[in-house]
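Please read all numbers here as calculations on a predicted model, not as lab measurements.
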Amino acid sequence: MSFLIGIDLGTSGVKTVLFDEGGKPVASSTVEYPLYQPNLGWAEQNPEDWWKGTCESINNVMLKSGADKREVKGIGLSGQMHGAVLLDKEDKVLRNAIIWCDQRSAAECEQITQLIGKERLIEITANPALTGFTASKIMWVKNNEPQIFEKVAKILLPKDYIRLRLTGEYATEVSDASGMQLMNIAERKWSSEVLSKLGISESMLGKMYESQEVTGKVTASAAAVTGLNEGTIVVGGAGDQAAGAVGNGIVKPGVVSSTIGTSGVVFAYTDKLTIDPLGRVHTFCHAVPNTYHIMGVTQGAGLSLKWFRDTFCMEEMMTSELSNIDVYKLLDAEAENIPPCSEGLIYLPYLMGERTPHLDPNARGVFFGLTAKHTKPHFVRSIMEGVTFSLRDCLEIIKGMGVGISEVRASGGGGKSGIWRQMQADVFGTGINRIFSDEGPALGVAILAGVGAGVYDSVPQACSEVIKVKDTLPPIQDRIKKYDDFYKLYVQLYKSLKGDFKQLGSII
């Protein structure tokens, strides 16, 4: 029997899954690692933690499964997008990686916009300069840590650092590279104009591939520490959102995914380059050759509930540990006891600033409408509803760009929650589908590995064989109007507070 491996390098941990040729998971392992926040709005991780976690998780799945390592036909890599891994000429990491949710580079975004021009930047990279993207992080190091920048020989994305450790190759692929803001999106290659104006050498960047192309093979040294077979192919893979979309079957027009992970993403396929001139949503290369995707991103989706859990839910965490019930199921049960719209408590999920639709690093989380009647379960439900409203923000913009939507599929950790799926159905006013597999990005890059290894003919063909809809959750009709009214107030709250967010940022 042949197997495929998908490795998903997330923000909280790395997940490795071994699949059979039919896309069925055989064994899975997740290894967590820390997030460092040395200053307000900063977010960093140690790439060595990623590599150690990857080695451990691969070894775990090979041991659990008992699979013959020679029967693993290919490996796909998925990862958190936009991180900046800076290496010297000996491939040593020069500093902790600045990751996707870091907000320190607002001044560099202004610098990039001035150097290239606002309209020209969107014309080339399909997006405005944002603190989330890799380019502004690189420029921050260049401006603030010149003694480090002068030693930089290579700049890699998080998953591409794992590729380097597995294969010895400096490589990337189009979907993840799109999020660096150093790429000509229409031409699917590095932009010499952007690089030259920012003072970044193309030699610092990895070779560009399409997502299913073979980028290298597992080296003897990597095989020794992972339990893999030397010579196993490693394909380009994809950024976590494109990978999750492939793993959710978002590879044809009309099918959209709504993902609640650490961040929240609404993701739509398009076979033509479609750009929001206001830059509120991102247009990137898809993991399917010669296609693109549009995605709206909310920074603090599952992160909001995790923050609340870690800060205020010690009792639930203790109960979870004693009863062996997932703490999030306990929180779901609490939220179920609260009526829709949380009796007037509205949450703005801007814990890490916000991308779609505000492009505002100064935005902050808010609970609005608090009264003495509200209890902890009200807060839990309002967080879930606020995140769902933020996903609707994304969906409304994508619709406004003329992208047809015939089906919405829920995915990510939030997609496993029945109450959160029901909220999406009620707030979006449409049925929410769920597929049989919930492996998301790991399955997506395993499919890409299967195409690269010749197990499948193409990405769409593989998805049609592997991915099937499990069920549909329709909206509850009498909730749609109420949620519409609260959504309108949710939208108005940001507008009312925008100036206050900026003032707060200037005085703290």
Side-chain angles (χ1 to χ4, degrees), residues 1-9 13-31 50-79 159-160 162-169 171 173 209-238 243-244 246-247 249 287 435-468:
M1 178 179 284
S2 297
F3 300 98
L4 300 164
I5 286 179
I7 300 170
D8 179 25
L9 189 77
V14 58
K15 182 177 186 179
T16 297
V17 186
L18 182 74
F19 297 92
D20 65 19
E21 288 187 17
K24 180 181 178 181
V26 178
S28 175
S29 174
T30 299
V31 178
W50 299 338
W51 175 240
K52 288 177 180 177
T54 300
C55 292
E56 183 178 344
S57 63
I58 295 172
N59 274 295
N60 287 345
V61 298
M62 296 306 293
L63 288 170
K64 283 181 186 179
S65 67
D68 185 339
K69 63 183 180 181
R70 295 169 296 182
E71 294 302 315
V72 176
K73 300 304 180 184
I75 300 165
L77 301 174
S78 167
K159 80 173 192 319
D160 298 329
I162 300 303
R163 183 193 324 279
L164 174 65
R165 298 296 296 265
L166 284 172
T167 69
E169 301 291 339
E173 48 69 48
Y209 290 85
E210 287 291 334
S211 301
Q212 83 285 355
E213 288 186 304
V214 177
T215 61
K217 296 180 179 180
V218 174
T219 63
S221 59
V225 294
T226 59
L228 295 168
N229 192 45
E230 181 183 356
T232 305
I233 66 164
V234 178
V235 300
V246 173
I435 64 171
F436 279 96
S437 174
D438 59 5
E439 296 295 352
L443 175 58
V445 292
I447 288 172
L448 295 172
V451 176
V455 174
Y456 312 120
D457 294 333
S458 69
V459 178
Q461 176 261 332
C463 288
S464 68
E465 289 185 15
V466 170
I467 297 163
K468 306 294 181 185

- Check against side-chain contact (heavy atoms from CB on, under 4.5 Å), Ser28 and Lys15: CA-CA 7 Å; Ser28 175; Lys15 182 177 186 179; 3.4 Å; yes

Does Leu63 offer a backbone N or O that forms a donor-acceptor pair with the side chain of Asn60 under 3.5 Å?
-> no

query: Is any NZ, NE, NH1 or NH2 atom of the basic residue among Lys73 and Glu21 found under 4.0 Å from an Asp or Glu carboxylate oxygen of the other?
result: no

key: Pairwise side-chain contact, Leu166 with Leu228, heavy-atom cut-off 4.5 Å (strictly under)   = yes

Tested for side chain to side chain contact (heavy atoms under 4.5 Å, CB included) against Met62, the lone hit among Asn229, Ile5, Asp68 is Ile5

Side chain proximity check, Val246 to Cys463, heavy atoms < 4.5 angstrom
yes

Practice prompt. Evaluate whether atom NZ of Lys24 has more than 12 neighbouring non-hydrogen atoms of other residues, nucleotides or ligands under 6.0 angstrom away.
Written response: no

Note, Glu173 side chain near Thr215 side chain (heavy atom, < 4.5 Å): no

The side chain to side chain contact (heavy atoms under 4.5 Å, CB included) partner of Leu77 among Asp160, Val234, Val445 is Val234

Side chain Glu213, main chain Tyr209, donor-acceptor under 3.5 Å
no

* Please confirm whether the backbone N or O of Leu164 pairs with a side-chain atom of Thr167, one donor and one acceptor, at under 3.5 Å? => no

Closest non-hydrogen contact found for Leu448 with Ala238 is CD1-CB, 4.1 Å

Closest non-hydrogen contact found for Ala449 with Gly76 is CB-N, 3.7 Å

